[in-house]
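This report refers to the structure that appears directly beneath it.
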Amino acid sequence: MYHLLSFISWSPSDVAFRILGLEIHWYSLCWLVGLAGAYFMVKWLYRQEKISDEKFEPLFFYCFFGILIGARLGHCFFYEPEQYLSSWYHFVEIFVPMEHAADGWHFTGFRGLASHGGTLGLIIALWLYVRRTKVALWSVLDMIAIATPLTACCIRLGNLMNSEIIGKPTDLPWAFIFERVDMLPRHPGQLYEAMAYLLFFFVMFHFYYYGKKGNGFFRRYTSGQVGTGFFFGMCLTLIFTARFFIEFTKENQVAFEDSLPLDMGQLLSLPFIIAGVFYLIRGKKKEHKQL
C-alpha cells in the first residue's frame with residue numbers, strides 16, 4: 001500500500017516566466033540552456049584544437065536545425081505514424097509548431113521530439129557542415145560528442161518539468177507523484193536520465209582534458225585527441241546503454257509498444273549501442289597508431 005506523504009508531489013507550471021505577455025515554457029528554456037551549454041563547450045574545444053572561429057560559427061546553425069528536424073521527424077514516424085499520416089492537416093503539424101482543432105489552428109509548440117531521431121539528424125547535419133567547411137568529420141563528431149550529454153541532460157529536465165515520459169509505479173522513497181497524470185508514485189525516469197547524462201559529460205570531458213595533458217590514468221585509455229572517433233563511440237555507447245536500461249522503469253509512450261518484446265526506445269537504442277562500441281574500439285586502435 002502506498003503512503004503518499006512519503007513521496008515527492010510534482011506539479012510545476014509548464015511556464016517558466018512571462019515577458020511582455022509571451023510565455024516562456026520550461027521545456028523550451030531547457031532546450032535553449034542545453035544548446036547554449038553545448039555551444040560554449042564546443043567553441044572551447046575548437047580553440048583547443050586550433051580550429052578557426054570562422055569555421056566554428058556555422059556549426060550552431062547546422063546542429064540546431066539538424067537536431068530539431070531529426071527529433072521531430074523521429075517522433076512522428078517512429079512513435080505516431082498513423083496520427084501524422086491520417087490527414088493533410090496532421091501531416092502539416094509535423095513541420096509547424098501548431099495543432100489543428102475544430103475551431104482552427106492553435107500555436108502549441110512542437111509536442112513530441114525523439115532523441116534517436118535527433119541523433120540521426122545531427123549526424124546528417126554535421127556531414128553537410130564538414131562538406132562546406134572542410135573540417136575533418138571525425139574531429140567534429142568527437143567534439144560534438146563531448147558536449148552532447150550536457151544538452152541531453154537539459155532536455156530530460158525539460159521533460160521532467162512537463163511531467164511527460166513518466167515512469168512506472170513504484171514504492172521507492174524517491175518516487176514522484178505526477179499530479180497532472182495521476183496520483184500514483186512513479187519512477188522519475190526523466191531525472192534518472194538527466195543525472196546519468198550529466199555524469200557522462202564530466203567523464204568524457206575529463207578523458208579529453210586529462211588525456212590531452214598526459215595524465216597517466218586517462219592516457220592509458222585515450223590520448224585526449226579528437227579525430228579518431230573515440231569520443232563519438234563513447235558518447236553513443238554511454239547514452240544509449242543508459243537509455244536502454246532506464247527504459248525498464250518507464251511507461252510505454254504509445255499503445256503499440258505493449259505488443260513489443262522491448263519498447264520502441266530500447267529497440268531504437270540497440271543499433272546506436274552497437275555502432276558506439278564499434279567506433280569506441282576503432283577509435284582506440286587509431287589512437288594507439290598515433291602515439
Side-chain angles (χ1 to χ4, degrees), residues 1-16 23-31 33-34 67 71-72 74-84 93 97 99 108-119 149 151-200 239-270 272:
M1 183 176 180
Y2 296 127
H3 299 283
L4 298 182
L5 292 179
S6 65
F7 303 120
I8 301 169
S9 294
W10 190 255
S11 184
S13 169
D14 58 356
V15 177
E23 294 183 344
I24 307 299
H25 290 251
W26 279 110
Y27 188 68
S28 300
L29 183 62
C30 288
W31 260 87
V33 170
I67 293 171
R72 182 60 178 161
H75 172 81
C76 295
F77 293 122
F78 291 154
Y79 289 95
E80 299 185 272
E82 299 88 355
Q83 164 76 7
Y84 289 101
E93 289 171 0
E99 290 186 358
T108 59
F110 287 117
R111 293 182 175 178
L113 299 170
S115 58
H116 301 88
T119 302
T151 303
C153 169
C154 292
I155 292 171
R156 282 296 178 252
L157 290 176
N159 294 137
L160 180 66
M161 298 304 296
N162 275 0
S163 298
E164 59 190 5
I165 315 180
I166 60 172
K168 294 177 180 178
T170 180
D171 59 358
L172 291 171
W174 58 80
F176 277 49
I177 299 173
F178 296 97
E179 295 182 8
R180 280 193 261 169
V181 180
D182 54 32
M183 293 302 293
L184 293 176
R186 296 177 176 275
H187 284 285
Q190 319 95 318
L191 190 57
Y192 295 162
E193 284 193 67
M195 293 170 64
Y197 298 158
L198 185 61
L199 174 63
F200 297 159
I239 283 182
F240 288 105
T241 299
R243 174 74 184 271
F244 181 89
F245 286 106
I246 293 172
E247 285 291 313
F248 284 113
T249 72
K250 292 155 61 174
E251 293 281 16
N252 290 336
Q253 295 187 52
V254 288
F256 76 83
E257 292 180 284
D258 295 337
S259 62
L260 299 176
L262 299 170
D263 70 28
M264 182 58 76
Q266 291 172 313
L267 292 174
L268 293 172
S269 293
L270 290 174
F272 286 100

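The structure presented is a predicted model; accordingly, all values stated were derived computationally and were not measured.
Atom CG of D258 and atom CG of N252 lie 5.0 Å apart (nearest 0.5 Å). Atom-to-atom distance recorded for T119:OG1 and L268:CG is 10.5 Å, nearest 0.5 angstrom. I246 CD1 to I165 CD1: the interatomic distance, rounded to the nearest 0.5 Å, is 11.5 Å. Distance CD1/I177 to OG/S163: 12.0 Å, rounded to 0.5 Å.
Of all heavy-atom pairs spanning A194 and L157, the tightest one is CB-CD2, 3.8 Å. Scanning both residues, Y197 and P149, for their nearest heavy atoms gives O-CB, 3.2 Å. G189 and T249 get closest at one heavy-atom pair: CA-OG1, 4.3 Å. Minimum heavy-atom separation, A196 to A242: CB-CB, 4.4 Å. Contact record, A175 with T170: CB-CG2, 3.7 Å, taken as the closest heavy-atom pair.
The shortest side-chain heavy-atom distance between P185 and D171 does not fall under the 4.5 Å cut-off. The closest side-chain heavy-atom distance from R243 to Y192 is not below 4.5 Å. Taking the side chain as every heavy atom from C-beta outward, K250 and D263 never approach each other to under 4.5 Å. Counting only heavy atoms from C-beta outward, the side chains of F176 and L191 approach each other to under 4.5 Å. Using a 4.5 Å cut-off on side-chain heavy atoms (C-beta onward), F178 and L160 make contact. Between H187 and E251 there is no side-chain heavy-atom pair separated by less than 4.5 Å. For the pair L262 and F244, the minimum side-chain heavy-atom distance is below 4.5 Å. Two residues are said to be in side-chain contact when any heavy atoms from C-beta on lie closer than 4.5 Å; F7 and M183 fail this criterion.
Formation of a donor-acceptor pair under 3.5 Å by the D182 side chain with backbone atoms of L184 is found in this model. E193 contributes no side-chain N or O that, together with a main-chain N or O of Q190, makes up a donor-acceptor pair within less than 3.5 Å. Judged purely by atom type and a 3.5 angstrom limit, R180 has no side-chain atom pairing as donor or acceptor with the backbone of S13.
A 6.0 Å sphere centred on CE of M195 holds no more than 12 heavy atoms belonging to other residues, nucleotides or ligands.
Ring geometry for W31 versus Y27: interplanar angle over 60°, hence perpendicular rather than tilted (30 to 60°).
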